[in-house]
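For reference, the structure discussed in these notes is given below.
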Amino acid sequence: MAEPNNKELPEVIVLGIPWFLKFYGQQFSQNFKLLKPWESSLPLEQFITTHAQSVKAMLCSGGTRVTPTFLSQFPSLRVIVTTSAGLNHMDLSECRRLGISVANAGTIFSEDVADCAVGLLIDVLRKITAADGFVRNGLWPMNVVYPLSSKVGGRKVGLVGLGSIGLKVAKRLEAFGCIISYQSRKKKPVPYPFYPDVHQLATKCDVLVICCALTDQTRHLINKEVLLALGKEGIIINIARGPIINETELVQCLVQGEIAGAGLDVFENEPNVPEELLSLDNVVLSPHVAYLTEESFQDLYELMSGNLEAFFFNKPLLSPVLDD
Ligand SMILES: *[C@@H]1O[C@H](CO)[C@@H](O)[C@H](O)[C@H]1NC(C)=O
């Protein structure tokens, strides 16, 4: 196969090493000249100054902090395509001010994340991971009494946030016979009871599933008062962003038995997980992978390259967050 002529291809600087490039990097390289700092011998800052003046397009991930200082290094930048659905890592108003368009992963992860939320809830209630440990540790033949688990059906589940993920969690859990209610900024046209206040929602529910975006308004929204309102039988599922919960207070409540359990795919200080959680078998831990499926990566590749193509052909972005 002939070597593609890289010079003809539009340049895209890639920051934050989006995971899916490991799988789709080659396909991407057929249409774009990817500037990858991790393959360069230059230190990152020097790499950026070498390419920053001219590069118009950036591909980044949720770990790339797009601040005003960061953006000031890229005077020609016109589009940022991020592989994340959440936008808490980006200063969107600064992007708007600078006339930089932004595209994100939109809703392509919603089904997979909703599945995982339900999986974590069923796991915590029915002690699936704990039961797996019980068998693996050889306790079954030893007549150790296995604790009773809790029924999924009839559980009162409060969704914190009812966007694309929240709606899918609701639909799934309804099929299990759960009773759904929700909190969000605005009442939505859905048949579920709405509570404007998360503390009130917690008082009415056995389970909280965190499905909202991380914003200034939702940072540490779930604190000790909310957890105490949820109560000793209460369960927290978080597939959204770690800092929506005050993790120190969550750990305290779990250790002291103020709530019954948790299923966590996200943490405040990833990849660090509080030590205390590792020994609790009423807590199911997952390394921020709710969105990672083969199928969603294929969709992500198509969406990301489609957005970049649209940009270079002066067409509307496929999943715009801001269109200047
Ligand atoms: C989180 O909880 C701890 C312990 O109660 C408290 O000291 C801290 O201020 C809380 N953090 C935030 C940001 O509210």
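Atoms within a ligand are numbered from 1 in the order they appear, just like the ligands themselves.
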**Request:** May I ask you to check whether F194 and Y182 place their ring centers less than 6.0 Å from one another?
**Result:** yes
**Ring centres under 6.0 angstrom apart (F28, F32)** =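 For F28 and F32, the ring centres are under 6.0 Å apart.
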**Asked** Quick one: do the S164 and S110 side chains pair a donor with an acceptor below 3.5 Å?
**Response**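 Indeed, the side chains of S164 and S110 share at least one donor-acceptor pair under 3.5 Å.
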Distances only, to 0.1 Å: what are the N or O pairs between ligand 1 and the protein that fall under 3.5 Å?
unit_1, atom_1, unit_2, atom_2, d
ligand 1, 2 (O), N246, OD1, 3.2
ligand 1, 2 (O), N246, ND2, 2.3
ligand 1, 2 (O), E249, OE2, 3.2
ligand 1, 5 (O), E249, OE2, 2.6
ligand 1, 11 (N), N246, ND2, 3.0

**Request:** Flag the pair K171 and E174 as a salt bridge only when some basic side-chain nitrogen lies within less than 4.0 angstrom of an acidic carboxylate oxygen.
**Result:** no
**Message:** If I take atom CG from residue L167 and atom OG1 from residue T107, how far apart are they, to the nearest 0.5 angstrom?
**Reply:** 11.0 Å
**Request:** Anything under 30° is parallel, anything over 60° is perpendicular, the rest tilted; go ahead and classify F23 against F297.
**Result:** perpendicular
